[in-house]
Protein chains: 2
Amino acid sequence: MQEENIHKFEKPSVTVDMIIFTIIDKDLKILLVRRKFNPFKGKWAIPGGFVRIDESLEQAVNRELLEETGVKNVYLEQLYTFGDIKRDPRGRVITIAYMALINSLELKLKASTDASDAQWLSVNNVPSLAFDHKKILDYALKRLRWKFEYTTVAFSLLPKKFTINKIQTIYEIVFEKKFDKRNFAKKILYLNLLKGEGIKKDVSHRPPMIYSLKKNIGEIIKII
Amino acid sequence: MQEENIHKFEKPSVTVDMIIFTIIDKDLKILLVRRKFNPFKGKWAIPGGFVRIDESLEQAVNRELLEETGVKNVYLEQLYTFGDIKRDPRGRVITIAYMALINSLELKLKASTDASDAQWLSVNNVPSLAFDHKKILDYALKRLRWKFEYTTVAFSLLPKKFTINKIQTIYEIVFEKKFDKRNFAKKILYLNLLKGEGIKKDVSHRPPMIYSLKKNIGEIIKII
DNA sequence: CCAAAAGTGTTAGTGATACACCCATGT
DNA sequence: ACATGGGTGTATCACTAACACTTTTGG
């Protein structure tokens, strides 16, 4: 035998599952879907699905994301791969978990009615989840906070133009604490990531400056 | 249909691949194996293999690690999952990459002869690798440095008892730069991670203090 | 005039870095 | 006595955190 046989072993199934974060009403929310089928029929689960043989993991995630939320070109990050033998009662299923950050203004699926099988629910009030999805959520929250601290991912949750206060607010939501606004503005502006975009009009108080991100910087830098 | 069918889709193959780090002769090395079969017959690759249907990912990694190096109970960390469609010319293969840190004293497979099909090679002098293994190595090196900076994983490369100088040396090897020994000792001791274990005898200079790690702390703390 | 959020500097404390000399042992 | 690595303190600098008042607009 000159070529190793990749079909010698029985293959596991492979899925991608996603924690999709957005901020609605000053609250960090994730998208959950109610399962239509067994196992865990009727339970909440995070969106996901099988990886097709002819698509990459990123393609699979983007496809599922588009199906569930109607958005594309959002911030996506692979989190971790969960492969316990018993994590799916139907058989061996390995899942590659991702997180997505979506600016809620782009969403077609907005705050949905209670009857819907897909809903945005606050991370502080998540129901019991199917499979090991709670573990995935906990992992995602840790990663999200870390990324907020050291990278510019936070801006993915905002529209292109924003005020300093908007940024501070999403940091306060994610870290569940208040920051001093002088120190916050000082840090953000000192990093030289932002470009002035004029002044916001039609507010019933002193008009704030508007900024945009110069470019989405991949590097790890200390933000907060 | 009440139960979703997990066998609806053609399944990819799933492997685990490992970057196994150790320090030999004051040099950071990884284990590479020469491929016996096509594709890439004769090329160097990182160790790995198919995940069996009845073992978890960690079990698969530990099994492969034991086969290749004869060691168990070493530091293991999942890195990232690589799933490009064309990464393996034989077909669709998704690989979950891990890194392992091994104290070279525990190795059965020591610096091997040139004829061997498994060798420890310096990360600074790695030959061209099969598949996308270079990408995995680059990722592992970044992660290793990050982990050295923020956690106590470095101690996994040392025997249970060690001197401050030994720790400093592995940090210098991994970061490829020198640290000031007063500042280094100050930082490490200040963290309160170490327990004194007496004094090292039979050295032809002032005998150094020996330490051990109090416990392997999972938390993220700033080390360097 | 009032309400609401924007904008802006200084000080004190903490942690990081730079730097040099004497010590204990084996040969 | 010499060679080898071990052990130790201080001063400066940079960064972080705490803290309050005035400004601009709409209603």
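Chain identifiers are assigned alphabetically (A, B, ...) following the order of the sequence lines, protein sequences preceding nucleic acid strands; residue numbering begins at 1 within each chain. These numbers come from the heavy atoms of this one structure, side chains and all, not from hydrogens, waters or symmetry mates.
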Is there a donor on the side chain of A:Asn165 or the base of C:dA6 sitting less than 3.5 Å from an acceptor on the other?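 No, no donor-acceptor pair under 3.5 Å.
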
[atom1] of [X] versus [atom2] of [N]: gap in Å, rounded?
| X | N | atom1 | atom2 | answer |
| --- | --- | --- | --- | --- |
| A:Ile199 | C:dA5 | CD1 | P | 18 Å |
| A:Asn183 | C:dT11 | CG | C1' | 12 Å |
| B:Lys181 | C:dT17 | NZ | C1' | 17 Å |

Opening and closing nucleotides of DNA chain D in contact with chain A, under 4.0 Å to non-hydrogen atoms: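 Range of nucleotides within reach of chain A: D:dA17 to D:dG26.
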
Charged N to carboxylate O below 4.0 Å: is that the case for A:Glu55 and A:Arg63?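 Salt bridge present between A:Glu55 and A:Arg63.
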
B:Asp84/B:Lys135 ion pair, N-O < 4.0 Å: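 Yes, B:Asp84 and B:Lys135 are salt-bridged.
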
Salt bridge (Lys or Arg N to Asp or Glu O under 4.0 Å) with B:Glu197: which of B:Lys214, B:Lys160, B:Lys161?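 With B:Glu197 as partner, B:Lys214, B:Lys160, B:Lys161 yield a single salt bridge (Lys or Arg N to Asp or Glu O under 4.0 Å), made by B:Lys161.
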
Over 60° means perpendicular and under 30° means parallel, so classify the ring planes of [Y] and [X], tilted if in between.
| X | Y | answer |
| --- | --- | --- |
| A:Phe155 | A:Phe162 | tilted |
| B:Phe148 | B:Phe175 | perpendicular |
| B:Tyr171 | B:Phe179 | perpendicular |

Determine the contact category for A:Asp202: base if any of its heavy atoms lies under 4.0 Å from a base atom, sugar-phosphate if only primed atoms, P, OP1 or OP2 are that close, otherwise nothing.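 No contact.
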
Reckon A:Lys187 touches a base, only the sugar-phosphate, or nothing at all at heavy-atom distances under 4.0 Å?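 Sugar-phosphate contact only - A:Lys187 comes under 4.0 Å of backbone atoms but never of a base.
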
